Amino acid sequence: MIRVWFDAAAGSNAAMNECGVETLYVSLLDCWNNRDSSGVALLFRDDGSLVGFDGTSVHSAALIKDHLAEIFDDHQPPTYVAKVREIRALGPDGAVLTSVAGMLPVGQGKLEQELNARQVMVAARRGGEWRIVHFQNTPARFDGRPEEAEALTAELQAVITG
């Protein structure tokens, strides 16, 4: 099960939360955590795209499915723990969600600090359903600022411990 906390002080938009943007994001990370490449792909528009942690850029839901299937077949990646920072409306049928995320290695209770990330999800609604237009997962290394990296890890570790 994914653990996601919403940072109410950061100004998350309640209307966006109610209409499914947060649910879409949680579903994305839940599919990753369950190694479900088909499930991830179904969350994207057919012309959706993503930029992975290593900089890999993938365009189209079908190619996203294939790309993630290769990752999941090759090894068992850590699971996500995340904290939503903001959901911002881009009109009635568009939104940008920003979050921070950490990765919990399988069978461990402590995050790997070097795998922390900032995530951005752009979503659009068509026919009443939200789909991912673009997702980007950027390393949060905080080069030259180890105290910021440590603070983020502590913040995300608190999500795990409740």
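Just so we're clear, the structure is a prediction, and the values are computed from it rather than from any experiment.
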Next on the checklist: Is there a side-chain contact (heavy atoms from CB on, under 4.5 Å) between Arg126 and Arg131? Walk through the geometry before answering.
Outcome noted: CA-CA 8 Å; Arg126 280 196 185 154; Arg131 290 286 180 253; over 6 Å; no

Next on the checklist: Determine whether Val84 and Glu22 satisfy the following criterion, side-chain contact (heavy atoms from CB on, under 4.5 Å), listing intermediate values before the conclusion.
Outcome noted: CA-CA 8 Å; Val84 173; Glu22 74 180 37; 5.8 Å; no

Item to check | Residue pair Leu115, Phe53: steps toward the side-chain contact (heavy atoms from CB on, under 4.5 Å) verdict | outcome: CA-CA 9 Å; Leu115 297 179; Phe53 191 80; 4.2 Å; yes

Item to check | Leu50 and Phe44: CA distance, side-chain angles, deciding distance, side-chain contact (heavy atoms from CB on, under 4.5 Å) verdict | outcome: CA-CA 9 Å; Leu50 69 78; Phe44 280 79; 4.2 Å; yes

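Taken to the nearest 0.5 Å, the NE2 atom of His134 stands 4.5 Å off from the OG atom of Ser49. The distance from the CG atom of Leu42 to the CD1 atom of Ile64 is 11.0 Å, given to the nearest 0.5 Å. For the atom pair CE of Met121 and CG of Leu28, the computed distance is 7.5 Å after rounding to the nearest 0.5 Å. How far OG of Ser37 is from CD1 of Ile71: 9.5 Å, rounded to the nearest 0.5 Å. Between the CD1 atom of Ile132 and the OG atom of Ser27 there is a distance of 8.5 Å, given to the nearest 0.5 Å. In this structure, CD on Glu148 lies 12.5 Å from CG on Asn116, to the nearest 0.5 angstrom.
In terms of modelled atom types and a separation under 3.5 Å, the side chain of Gln157 and the main chain of Leu111 share a donor-acceptor contact. At least one donor-acceptor pair under 3.5 Å links the side chain of Asn34 to the backbone N or O of Asp30. Judged by distance alone, the side chain of Arg118 and the main-chain N or O of Thr98 form no donor-acceptor pair under 3.5 Å.
Ala61 and Ala41 make their closest contact through O-CB, 3.4 Å (heavy atoms, listed as atom of the first residue, atom of the second, distance). Taking all atoms of both residues into account, the shortest heavy-atom contact from Gly94 to Trp130 is N-CH2, 3.7 Å. Scanning all heavy atoms of the two residues, the minimum distance from Pro77 to Val106 falls at O-CG2, 4.0 Å. Nearest approach of Gly39 to Cys31, heavy atoms of both residues: C-SG, 3.6 Å. Closest non-hydrogen pair, His59 versus Ser57, comes out as NE2-OG, 3.0 Å. Here the closest non-hydrogen pair linking Val159 and Ala82 is CG1-O, 4.2 Å.
If you run side chain to side chain contact (heavy atoms under 4.5 Å, CB included) between Leu156 and each of Met103, Lys83, Gln113, only Lys83 comes through.
Around CZ of Arg35, the count of heavy atoms belonging to other residues, nucleotides or ligands within 6.0 Å exceeds 12. The 12-atom threshold is not exceeded at CG of Asp46, counting heavy atoms of other residues, nucleotides or ligands nearer than 6.0 Å.
Linking Ile, Leu, Val, Met, Phe, Trp and Tyr whenever their side-chain heavy atoms come within less than 4.5 Å leaves Val120 and Val51 in two separate clusters.
Taking the ring-ring contact (aromatic ring centres under 6.0 Å, His included) definition, one finds that Phe72 meets it with Trp32, sequence neighbours left out. With sequence neighbours left out, the salt bridge (charged side-chain N to carboxylate O under 4.0 Å, His left out) criterion links Asp47 to Arg45.
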